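Take a look at the structure set out below.
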Amino acid sequence: MSEREQLYIYNSLSGKKELFEPIHQNFVGLYVCGPTVYNYVHLGNCRTFISFDLVFRYLKHLGYKVRYVRNITDAGHLENDAEEGEDKISKKARLEQLEPMEVVQHYTIDFHKVLEQFNNLPPNIEPTATGHIIEQIEMIQQIMQKGLAYEVNGSVYFDVPKYNASADYGELSGRKIEELMAGSRELDGQSEKKSPLDFALWKNAKPEHIMKWPSPWGMGFPGWHLECSAMSTKYLGEQFDIHGGGMDLKFPHHECEIAQGHAATGVKPVKYWMHANMLTLNGKKMSKSTGNTLLPAELFSGENSVLEKPYDPIIVRFFIMQAHYRSTLDFSSDALSAAEKGFHRLMQAVAMLPELPVANDTTFDVNGLIKRFYSAMNDDFNSPILIAHLFEAVKYLNDIKDGKLFITQADLTLLSKEIKAFVFDVLGLQLPEKQTSSNEAEIEGMMDLILNLRQKARENKDWSTSDEIRDKLAELGITLKDSKDGAKWTKN
RNA sequence: GGUCUCGUGGCCGAGCGGCUAGGCAACGGUCUGCAAAACCGUGUACAGCGGUUCGAAUCCGCUCGAGACCUCCA
């Protein structure tokens with residue numbers, strides 16, 4: 001087992017793969033930035049959550065007790081970094097004439113539904129920003145006590161240059177404060193901020209602002225980056241193992257988290273930073289603001305301009321697993337249909353495991369194969385390599401079925417256990433959901449009748465009748481597959 | 001403009017100094033009345049140019065191309 005636990009994780013902080021050693025033996029604290037629930041999650045958002053679902057699942061598979069925390073941002077971030085602005089949830093609420101919490105509730109439910117369709121495991125704790133206003137206020141006070149934040153007109157800002165004097169602002173994203181200064185051309189001389197790099201911890205709310213809470217600085221709302229720091233600290237401690245999120249959150253969001261946490265507690269909050277890369281569409285990042293998106297619902301229904309037909313969510317999951325989480329992945333109809341075929345081949349091989357013949361000897365390297373499953377995943381969760389090895393296993397299984405290779409009962413039991421663990425528990429794959437309809441039993445009966453009649457025609461070598469039935473059914477979208485055990489049919 | 005990443009066979013996508021991933025498609029075969037399906041087999045590709053090295057897709061430089069972050073975004 002020791003060998004299996006040599007897990008290496010690419011740490012964005014160092015830019016290297018590092019041996020994973022949890023802060024507390026056998027326990028792992030995992031925090032992932034969740035969605036802002038003012039809109040439907042698109043496929044790009046889903047990729048990140050599916051990537052970290054893989055991380056969560058594999059850590060569990062290795063035997064770690066994992067506490068997985070993923071927040072719901074329901075307080076609303078501002079539309080931009082301007083002093084004035086409306087938060088997204090309030091804006092949506094105003095446009096749709098809804099209570100902000102109605103907006104939040106609607107999209108949170110949708111988010112959960114979608115991730116369940118992708119067979120993601122729920123996190124252990126899913127805290128909301130609005131449910132942790134007190135913790136956020138406390139954290140601001142801690143930072144102010146250290147002298148690293150200041151209040152102006154009921155708003156509180158983090159003092160980046162002052163923090164940078166004794167720490168390294170930019171260590172995660174590889175930025176230098178001087179370069180950031182040079183790049184920020186602050187036209188607005190009226191800014192409350194001492195430095196353009198300073199960011200809000202608390203914002204004063206105008207009377208017309210809908211979402212606001214009382215604080216020592218008056219009515220207001222928390223800043224953009226604070227909730228993650230407050231909630232990760234509360235549920236995982238001042239220092240925890242893994243913090244994940246999309247690549248686009250690296251700067252400034254995660255950089256600010258490090259600064260806030262470090263300022264408040266005196267220690268760096270995270271040991272391993274992980275960033276999942278973007279899902280692209282037409283070669284460009286999927287993004288809500290640019291409209292270059294595909295929604296899961298459009299994918300499952302086939303109602304979109306990108307895909308020729310609907311796809312089962314689990315196919316999309318498999319497609320995502322076929323690329324490494326740190327690489328960009330381009331979404332296209334061709335790529336997805338290729339994944340679909342490969343997926344079915346894999347699942348068919350898994351399904352025949354219980355029926356394979358056993359022998360007195362095993363004529364291939366079962367243990368070596370299993371070891372490769374682990375080494376793939378231990379190398380920074382390399383799921384595409386794992387899948388390549390699983391297809392190697394598929395070939396062996398087919399050879400066993402054809403009598404070209406042999407396996408003992410003990411080895412088959414072991415191999416089955418490991419393959420199933422990796423396919424179902426680690427990759428989180430499952431058999432596609434069968435569409436059930438109320439009249440399915442009737443159709444089943446009718447098809448049996450038709451196939452029996454056709455079988456009789458075939459026994460009489462009445463090929464024209466046999467072929468006519470097959471062709472007519474094909475026109476209706478039903479494909480017949482003849483085999484030695486009789487014909488089987490599938491509906492497109 | 002600044003910082004950074006990437007460019008792999010028809011497509012997707014691993015690898016990141018020597019041991020020529022994998023999937024899909026294509027082609028050949030087995031099976032089949034024919035077909036489909038299924039299974040088996042076949043492909044030395046790494047943007048271009050130059051350099052380092054016994055050896056480079058992998059390291060260095062330049063050129064071209066694509067993308068990300070620097071403003072909300074997973």
Side-chain angles (χ1 to χ4, degrees), chain A residues 15 32-36 38-39 41-52 70 73 76-82 85 87-88 170 173-176 178-180 182-185 224 244-253 255 275-280 283-290 293 318-319 322-324 326-346 348-349 352 372 376 379 382-392 394-395 397-399 401-402 404 458 461-463 466-467 470-471 474 479-484 487-488 490:
Chain A
V32 173
C33 291
T36 305
Y38 68 98
N39 216 330
V41 283
H42 63 248
L43 227 44
N45 301 314
C46 295
R47 185 197 181 186
T48 296
F49 301 124
I50 291 170
S51 295
F52 286 104
R70 187 183 61 211
T73 297
H77 290 173
L78 290 181
E79 291 266 287
N80 55 52
D81 195 29
D87 81 62
K88 287 176 175 174
S173 54
R175 279 159 222 268
K176 295 196 169 56
E178 304 79 41
E179 290 167 356
L180 287 167
S184 74
R185 39 197 170 84
W224 313 280
M247 201 81 106
D248 50 356
L249 295 183
K250 203 169 176 183
F251 188 88
H253 185 60
E255 200 69 71
H275 289 96
N277 216 137
M278 300 292 104
L279 183 66
T280 62
K284 298 224 170 85
K285 176 185 168 184
M286 271 197 208
S287 166
K288 285 176 193 167
S289 51
T290 60
T293 59
F318 180 70
F319 169 71
Q322 274 193 306
H324 187 79
R326 278 194 291 117
S327 299
T328 54
L329 174 62
D330 194 56
F331 197 88
S332 71
S333 189
D334 287 350
L336 200 57
S337 74
E340 182 176 40
K341 288 176 187 163
F343 172 79
H344 285 125
R345 198 156 86 86
L346 176 63
Q348 274 183 18
M352 79 188 187
R372 271 173 280 162
D379 185 12
N382 200 322
S383 56
I385 296 285
L386 169 64
I387 289 171
H389 292 321
L390 286 171
F391 274 108
E392 199 183 331
V394 166
K395 194 179 288 187
L397 298 180
N398 285 322
D399 281 350
K401 191 177 134 220
D402 292 349
K404 293 177 190 163
R458 299 184 72 213
K461 296 200 190 296
D462 180 2
W463 305 126
S466 165
D467 289 354
R470 186 172 66 200
D471 294 345
T479 311
L480 293 191
K481 295 173 190 171
D482 289 323
S483 72
K484 39 208 172 299
K488 287 178 183 161
T490 51

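Since the structure is predicted, the reported quantities are computational estimates derived from the model, not experimental observations. Here is how names work: the chains are called A, B, and so on, in the same order as the sequence lines, proteins then strands, and each is numbered from 1.
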Applying a 4.0 Å non-hydrogen cut-off, can you work out what A:His42 is touching in the nucleic acid: base, sugar-phosphate, or nothing? base
Each nucleotide of nucleotides 56-61 of chain B classed B (base within 4.0 Å of a protein heavy atom), S (only sugar-phosphate) or -, in 5' to 3' order, makes ------
Is there side-chain contact between A:Ile385 and A:Asp379, with heavy atoms separated by less than 4.5 Å? no
On a whole-Å scale, what distance lies between the P atoms belonging to B:C40 and B:C59? 35 Å
What nucleic acid atoms does A:Asp467 come within less than 4.0 Å of, heavy atoms only: base, sugar-phosphate, or nothing? base
The side chain of A:Asn45 lies closest to which of these nucleotides: B:C39, B:C73, B:C72? B:C73
When all nucleic acid strands are considered with a 4.0 Å heavy-atom cut-off, which category describes A:Arg47: base, sugar-phosphate, or nothing? nothing
Any side-chain heavy-atom pair of A:His344 and A:Glu340 under 4.5 Å: yes
Say you pick atom C1' in B:U42 and the same atom in B:U3; how far apart are they, in whole Å? 46 Å
So do A:Glu392 and A:Arg372 actually touch side chain to side chain, heavy atoms under 4.5 Å? yes
Applying side chain to side chain donor-acceptor pair (under 3.5 Å) to A:Ser289 and not counting sequence neighbours gives A:Ser287
Would you say the base of B:C73 and the side-chain of A:Ser287 have a donor-acceptor pair closer than 3.5 Å? yes
Tell me every residue that passes ring-ring contact (aromatic ring centres under 6.0 Å, His included) with A:Phe251, counting only those two or more places apart in sequence or in another chain. none
Figure out the CD/P separation between A:Glu392 and B:G22, and round it to whole Å. 8 Å
Using a heavy-atom cut-off of under 4.0 Å over every strand shown, decide if A:Ala323 touches base, sugar-phosphate, or nothing. sugar-phosphate
Qualifying residues under side chain to side chain donor-acceptor pair (under 3.5 Å), relative to A:Asp248, sequence neighbours excluded: A:Lys285
Considering residues at least two apart in sequence or located in another chain, which fulfil the salt bridge (Lys or Arg N to Asp or Glu O under 4.0 Å) criterion with A:Arg70? A:Glu126
Apply side chain to side chain donor-acceptor pair (under 3.5 Å) to A:His275 and list each qualifying residue two or more places apart in sequence or on a separate chain. A:Ser12, A:His254
Given the P atoms of B:A66 and B:G17, what is the spacing between them in whole Å? 29 Å
For nucleotides B:G9 and B:C27, find the distance between their C1' atoms and express it as a whole number of Å. 15 Å
Between B:G15 and A:Asn382, is there an OP1 or OP2 to side-chain N/O distance shorter than 4.0 Å? yes
Can you tell me which nucleotide in B:C40, B:G2, B:A74 comes closest to the side chain of A:Met278? B:A74
Under 4.0 Å between any heavy atoms, over every strand shown, what does A:Lys404 touch: base, sugar-phosphate, or nothing? Just pick one. sugar-phosphate
I'd like to check, for A:Phe391, whether its ring lies over the base of B:G23 with centroids under 5.5 Å apart and a plane angle smaller than 30°. no
Using a heavy-atom cut-off of 4.0 Å across all strands, would you classify A:Gly34 as base, sugar-phosphate, or nothing? sugar-phosphate
Find the distance A:Leu336:CG to B:A25:C1' and express it as a whole number of Å. 15 Å
Answer with base, sugar-phosphate or nothing: what part of the nucleic acid does A:Gly283 contact at a heavy-atom distance below 4.0 Å? sugar-phosphate
All stems with RNA chain B, defined as three or more consecutive Watson-Crick or G-U pairs under 3.5 Å: B:1-7 with B:64-70, B:10-12 with B:22-24, B:26-30 with B:38-42, B:47-51 with B:59-63
So, using salt bridge (Lys or Arg N to Asp or Glu O under 4.0 Å) as the criterion, who are the partners of A:Arg326 when residues are at least two apart? A:Asp380
Rounded P spacing from B:A45 to B:A36 in Å: 32 Å
With nearest nucleotides of RNA chain B determined for A:Ser337 and A:His324 from heavy-atom distances, which residue corresponds to the more 5′ nucleotide? A:His324
Once you round it to whole Å, what is the distance between P of B:A36 and CG of A:Leu480? 14 Å
Could you tell me which residues satisfy salt bridge (Lys or Arg N to Asp or Glu O under 4.0 Å) with A:Glu255, sequence neighbours excluded, listed by chain and number? none
Nearest listed nucleotide, side chain of A:Asp399, among B:C34, B:C73, B:C40: B:C40
By salt bridge (Lys or Arg N to Asp or Glu O under 4.0 Å) - contacts of A:Arg458 (at least two apart): A:Asp482
Rounded interatomic separation in angstrom, taking CZ from A:Phe331 and P from B:G13: 12 Å
Length of the line joining A:His253:NE2 and B:A68:P, which is rounded to integer Å: 21 Å
Identify every side-chain donor-acceptor pair in residues 327-336 of chain A under 3.5 Å, counting partners at least two apart or on other chains, and give the distances.
{"from": "A:Asp330", "atom 1": "OD1", "to": "A:Thr280", "atom 2": "OG1", "distance (Å)": "2.6"}
{"from": "A:Asp330", "atom 1": "OD1", "to": "A:Gly283", "atom 2": "N", "distance (Å)": "3.1"}
{"from": "A:Ser332", "atom 1": "OG", "to": "A:Ala335", "atom 2": "N", "distance (Å)": "3.2"}

For A:Lys341 and A:Phe251, take the nucleotide of RNA chain B holding the closest heavy atom to each; which residue's nucleotide lies nearer the 5' end? A:Lys341
Whole angstroms only, please: what is the CG-P distance between A:Asn398 and B:U30? 18 Å
Tell me, do A:Lys461 and A:Trp463 make a side-chain contact under 4.5 Å, heavy atoms counted? yes
Could you tell me the separation between the CZ atom of A:Phe343 and the C1' atom of B:G22, rounded to a whole number of Å? 17 Å
Protein proximity profile, nucleotides 4-12 of chain B - base contact B, sugar-phosphate-only contact S, no contact -, cut-off 4.0 Å on heavy atoms: --------S
Please state the C1' separation for the pair B:U58 and B:U8 - nearest whole angstrom. 11 Å
Checking A:Ser466 side chain against A:Asp462 main chain: does a donor-acceptor pair fall under 3.5 Å? no
Tell me what A:Lys176 touches on the nucleic acid: a base, only sugar-phosphate, or nothing, going by heavy atoms under 4.0 Å. nothing
Looking only at atom P, what distance separates B:C64 and B:G48, rounded to whole Å? 16 Å
Could a donor-acceptor pair under 3.5 angstrom be found where the side chain of A:Arg470 meets the base of B:A35? yes
Between B:A21, B:C34, B:C70, which one does the side chain of A:Arg175 approach most closely? B:C70
Distance in angstrom units between A:Glu255 CD and B:U71 C1', rounded: 16 Å
Please give the distance between the C1' atoms of B:U63 and B:C24 as a whole number of Å. 34 Å
Under-3.5 Å donor-acceptor pair between A:Lys288 side chain and B:C73 base: no
Out of B:G33, B:C40, B:A74, minimum distance to the side chain of A:Arg345 belongs to B:C40
Could you tell me whether A:Lys285 contacts a base, only the sugar-phosphate backbone, or nothing, with contacts defined as non-hydrogen atoms closer than 4.0 Å? base
With the side chain counted from C-beta on, respond yes when A:Pro35 and A:Val41 share a heavy-atom pair under 4.5 Å apart, and no when they do not. yes
